[in-house]
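Whatever order the structure lists them in is the order used to number ligands and atoms, beginning at 1. Note: hydrogens, waters and symmetry copies are ignored here, and every other heavy atom, side chains too, is used. Worth saying up front: this structure is predicted, and the values here are computed from it rather than measured.
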Amino acid sequence: MTSPINVIGGGLAGSEAAWQIARAGVPVVLHEMRPVRGTEAHKTAGLAELVCSNSFRSDDALHNAVGLLHEEMRRSGSLILAAADRHKVPAGAALAVDRDGFSAAVEAAIAAEPLIRIERAEIDGLPPADWHSVIVATGPLTSPALSAAILKLTGEDALAFFDAIAPIVHKDSIDFEKAWFQSRYDKPGPGGTGRDYINCAMEHGEYEAFIAALLAGEKTEFKEWEASTPYFEGCLPIEVMASRGHDTLRYGPMKPVGLTDPRTGRRPWAVVQLRQDNALGTLYNMVGFQTKLKYGAQSAIFRTIPGLECAEFARLGGLHRNTFINSPKLLDSSLRLKAEARLRFAGQITGVEGYVESAAIGLLAGRFAAAEATGHMLAPPPPTTALGALLGHITGGAAAETFQPMNVNFGLFPPLAETGKKGPRGADRKTALAHRALADLDSWLGHRAAA
Ligand SMILES: Cc1cc2nc3c(=O)[nH]c(=O)nc-3n(C[C@H](O)[C@H](O)[C@H](O)COP(=O)(O)OP(=O)(O)OC[C@H]3O[C@@H](n4cnc5c(N)ncnc54)[C@H](O)[C@@H]3O)c2cc1C
């Protein structure tokens, strides 16, 4: 009989991975440390516990990227989506669940699956050498002993304990009548052009109003166990910088030196810079703008920045306790650690963000591992699918130097019109991307079945 694949962590990603492996006819051991050892956020011993909100976000497959990801996961036989559908509660266009019913359904399905064995114990170091295929899906609150072992294996700069997410903007929503491309002092730097940043200028009055809004904006608090973790000190939220003095930001991330506003021919009073965030060049992050402002306050305040009045955010900023690896640097396209190919990673620890995205990466890791165990190589899903776009982002599309966790969004998909012609816009564009994705997913799933 094929030797079992070991999955560490019975959360959203690990449960989905174990299910996919078993469905492919391969045995699995699923290691979950709760209730023997807890985390700061989990409250139960149940598999796939939702630690906070009970929402899987939009379920609209034709207009929303996470809704599309739901549909792709359903078509791929996802246990997490099946349990969510069975335990949904009324939530408008969103998919929200009864969290206890959902977790119990996942656990019951896994317990009833003869090819899965659940072991309740912490894996407190690198897996034993005779585990030939392992999926590490231990999530944002990976136990300290395992985190330390991963840190040793990957290196200090490749494992983070806090995310520091600056808002990310769809480039095509920026007003280039006001914003312009320029690097400070026009320096090309290694590999640049001298025009690598998008700049949004502020005059004195605009800057003063912006600082006042940052200080007044509603903030989310750190949880007690987050505040007592020392790692976030190096990466201050912008509103904390603003509170340290009126000019702190103007001498920090908003410094205008080396820049000339083409509209005035002068150096502006302050500047917001945006840097390319993905290889496709469709997304730009606001440099140094990690923040604990609430989402509503972020959208309102950042849309007062000249050039960003109509900005569409691919994701808003945040700062949380979050264990994640530098996937673009460390993982290959089937989620294997390049330095030790028997180890795959899945879920939030790979630098995706959210319940659905974590489960989606678990689904792919499970399928890759099962294919390998049965002597096949499974090609990654096409980049035009939500599964493929998310996988492609974390394993190569994202810049490794500035890698931060990411939600699925349409900015990760290759554009429709590759000939330079203008394609559909707005809602029509999303629908066209979704139709293309579902058709391409179906042929990937069909192709696999035939292999
Ligand atoms: C406080 C908090 C709130 C969040 N809120 C939301 C939200 O509202 N909406 C959202 O979409 N996302 C949220 N997230 C982000 C993320 O989507 C969830 O954390 C999600 O559960 C990640 O799935 P996962 O499978 O990667 O990790 P988890 O679901 O956390 O699963 C990891 C599992 O591994 C186990 N484990 C850890 N270390 C070991 C070990 N050494 N040995 C054995 N088992 C181990 C853990 O007990 C856990 O069961 C939140 C994250 C945190 C930390």
Please tell me whether Phe345 and Phe324 form a close aromatic pair, meaning their ring centres lie under 6.0 Å apart.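 Ring centroids of Phe345 and Phe324 are no less than 6.0 Å from each other.
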When the ring centroid of Phe289 is compared with that of Phe302, is the distance short of 6.0 Å?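 Yes, the ring of Phe289 comes within the 6.0 Å limit of the ring of Phe302, centre to centre.
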Does the pair Glu107/Arg120 count as a salt bridge with the N-to-O cut at 4.0 Å?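 Looking at Arg120 together with Glu107, the answer is yes, because their closest N to O distance falls below 4.0 Å.
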Could you check whether Lys171 pairs with Glu312 (Lys NZ or Arg NE/NH1/NH2 to Asp/Glu carboxylate O, under 4.0 Å)?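 The answer is no: the pair does not qualify as a salt bridge.
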Considering only distance and modelled atom types, tabulate donor-acceptor pairs under 3.5 Å from the side chains of residues 136-144, sequence neighbours left out.
{"residue": "Thr138", "atom": "OG1", "partner": "Thr142", "partner atom": "OG1", "Å": "2.8"}
{"residue": "Thr142", "atom": "OG1", "partner": "Thr138", "partner atom": "O", "Å": "3.3"}
{"residue": "Thr142", "atom": "OG1", "partner": "Gly139", "partner atom": "O", "Å": "2.7"}
{"residue": "Ser143", "atom": "OG", "partner": "Glu122", "partner atom": "OE2", "Å": "2.8"}

Is the count of non-hydrogen atoms from other residues, nucleotides or ligands lying under 6.0 Å from Glu218 atom CD greater than 12?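 No, because the 6.0 Å sphere around CD of Glu218 holds 12 heavy atoms or fewer from other groups.
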N/O pairs closer than 3.5 Å, ligand 1 and protein:
{"residue": "ligand 1", "atom": "8 (O)", "partner": "Ser53", "partner atom": "N", "Å": "3.1"}
{"residue": "ligand 1", "atom": "8 (O)", "partner": "Tyr355", "partner atom": "OH", "Å": "3.4"}
{"residue": "ligand 1", "atom": "11 (O)", "partner": "Tyr355", "partner atom": "N", "Å": "2.8"}
{"residue": "ligand 1", "atom": "17 (O)", "partner": "Gln348", "partner atom": "OE1", "Å": "3.1"}
{"residue": "ligand 1", "atom": "17 (O)", "partner": "Gly354", "partner atom": "N", "Å": "3.4"}
{"residue": "ligand 1", "atom": "17 (O)", "partner": "Gly354", "partner atom": "O", "Å": "3.2"}
{"residue": "ligand 1", "atom": "17 (O)", "partner": "Tyr355", "partner atom": "N", "Å": "3.0"}
{"residue": "ligand 1", "atom": "25 (O)", "partner": "Leu12", "partner atom": "N", "Å": "3.1"}
{"residue": "ligand 1", "atom": "25 (O)", "partner": "Ala13", "partner atom": "N", "Å": "2.8"}
{"residue": "ligand 1", "atom": "26 (O)", "partner": "Gln348", "partner atom": "N", "Å": "2.8"}
{"residue": "ligand 1", "atom": "29 (O)", "partner": "Leu12", "partner atom": "N", "Å": "3.4"}
{"residue": "ligand 1", "atom": "38 (N)", "partner": "Ser143", "partner atom": "N", "Å": "3.2"}
{"residue": "ligand 1", "atom": "41 (N)", "partner": "Ile123", "partner atom": "O", "Å": "2.9"}
{"residue": "ligand 1", "atom": "41 (N)", "partner": "Ser143", "partner atom": "OG", "Å": "2.9"}
{"residue": "ligand 1", "atom": "42 (N)", "partner": "Ile123", "partner atom": "N", "Å": "3.0"}
{"residue": "ligand 1", "atom": "44 (N)", "partner": "Met33", "partner atom": "N", "Å": "3.2"}
{"residue": "ligand 1", "atom": "47 (O)", "partner": "Glu32", "partner atom": "OE2", "Å": "2.7"}
{"residue": "ligand 1", "atom": "47 (O)", "partner": "Arg34", "partner atom": "NE", "Å": "3.1"}
{"residue": "ligand 1", "atom": "49 (O)", "partner": "Glu32", "partner atom": "OE1", "Å": "2.6"}
{"residue": "ligand 1", "atom": "49 (O)", "partner": "Glu32", "partner atom": "OE2", "Å": "3.3"}
{"residue": "ligand 1", "atom": "49 (O)", "partner": "Arg34", "partner atom": "NE", "Å": "3.2"}
{"residue": "ligand 1", "atom": "49 (O)", "partner": "Arg34", "partner atom": "NH2", "Å": "2.8"}

